[in-house]
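For ligands, and for the atoms within them, numbers begin at 1 and follow the listed sequence.
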Amino acid sequence: MRKLKVLGISGSPRKGNSEYLLRHAMEAAQSVQPEGIECREYSFHRKAMGPCIACGYCEKHGGECSVKDDFAGLRELWLEADVVIYSVPVYHMSMPGQVKCFIDRLGNSLFGRYKHLFPPGEESLPKLMKVIGSIAQGIHISSGQEHTLTDLINHALIMQCVPVTGDMWHSYIGCGGWTSNEIDRSALQNQYENQQFDAIIAVKSARDVGRRAVETCFLLQEGIRARREMLAPDPVYKPLLDRICPA
Ligand SMILES: Cc1cc2nc3c(=O)[nH]c(=O)nc-3n(C[C@H](O)[C@H](O)[C@H](O)COP(=O)(O)O)c2cc1C
């Protein structure tokens with residue numbers, strides 16, 4: 001049986017609080033079925049991720065991007081994954097620019113990559129149906145976590161994926177953490193180890209997001225396998241079926 005692939009993406013340029021919450025989410029994801037899940041973590045630390053330059057190259061070259069940096073490596077990991085968990089620091093009440101750069105380029109380049117599936121003029125994005133969970137980590141309370149989570153949920157929807165949250169009441173639309181005005185990269189870990197209430201909630205919420213994302217994906221994939229015949233004639237499902245249950 002194919003293992004479920006879970007990709008955790010830490011969107012911080014440093015190895016800090018976002019990565020700490022991601023690690024909890026990934027541990028919880030793995031624990032759902034240790035032998036049936038393959039977890040992989042990716043960090044934006046020391047990565048170069050420039051913006052889309054709107055050159056149109058990807059449209060004509062099978063989705064390849066003309067900007068040569070770390071984009072293609074992460075794109076391939078993202079495409080292989082069944083579950084993606086983003087853990088991003090809040091920057092200016094949203095996600096860091098480098099994460100947005102990746103998302104912008106991913107969305108546009110996939111039109112070019114999957115163009116061959118559709119008749120000319122009817123290009124679309126295939127229904128990839130990955131499950132996407134989100135964590136947004138800030139320094140203050142109510143300082144952009146929900147905006148950031150909403151941006152990631154919108155990204156999931158645009159990419160024809162399925163956004164999930166954790167459990168009520170800790171995770172309304174994803175995990176939102178804060179470090180009580182501490183800037184240190186280990187702030188959240190220290191606060192958690194000192195049993196600070198908000199840090200405990202952030203960790204619980206991150207773990208819920210990881211666990212529920214994997215559970216949802218297992219359920220979804222059972223349905224996809226059961227309904228393969230119904231889905232197969234529609235090209236919009238081809239990359240999904242090739243990934244989960246190839247002919
Ligand atoms: C450029 C920049 C902008 C930031 N903007 C916000 C913000 O709008 N809201 C907030 O809560 N924290 C903001 N922060 C703080 C980080 O989100 C916070 O320190 C977080 O814990 C960093 O995560 P990391 O340790 O994974 O890098 C900002 C930090 C930087 C460097």
Is a side-chain donor-acceptor pair under 3.5 Å present for Ser171 with Ser205?
yes
Does a donor on one side chain sit under 3.5 Å from an acceptor on the other, for His24 and Tyr192?
no
Is the side chain of Glu123 donor-acceptor paired with the backbone N or O of Gly121 at a distance under 3.5 Å, no angle test?
yes
Starting from [atom], find the nearest protein heavy-atom neighbour and note its residue, name and distance.
atom: atom 26 (O) of ligand 1; result: Ser18 OG, 2.7 Å
atom: atom 2 (C) of ligand 1; result: Tyr91 CD1, 3.6 Å
atom: atom 23 (O) of ligand 1; result: Pro89 CB, 3.4 Å

Can you check whether [X] has an N/O within less than 3.5 Å of an N/O in ligand 1?
X: Met93; result: yes
X: Gln145; result: no
X: Arg185; result: no
X: Arg14; result: yes

Within ligand 1, which atoms have a heavy atom of [X] less than 4.0 Å away?
X: His140; result: 11 (O)
X: Ser12; result: 24 (P), 26 (O), 27 (O)
X: Gly16; result: 25 (O), 26 (O)
X: His92; result: 3 (C), 4 (C), 5 (N), 6 (C), 7 (C), 8 (O)
X: Ser143; result: 7 (C), 8 (O), 9 (N), 10 (C), 11 (O)
X: Gln137; result: 17 (O), 20 (C), 21 (O)

Within the 4.5 Å heavy-atom criterion, are Tyr86 and Leu22 side-chain neighbours or not?
no
Are Ile201 and Val90 co-members of a hydrophobic cluster defined by side-chain heavy atoms under 4.5 Å apart?
no
Do Lys47 and Tyr42 form a cation-pi contact, if we require the NZ or CZ to be under 6.0 Å from the six-membered ring centre and within 45 degrees of the ring's axis?
yes
Ranking Asn181, Leu22, Val90, Ile141 by closest non-hydrogen atom to atom 17 (O) of ligand 1, top hit is Val90
Work out which heavy atom in Cys101 is nearest to a heavy atom in Met49; give both atom names and the distance.
CB-O, 3.7 Å
Has Glu222 got more than 12 heavy atoms of other residues, nucleotides or ligands less than 6.0 Å from its CD?
no
Hey, is Glu27 close enough to Arg23 for a salt bridge, meaning N to O under 4.0 Å?
no
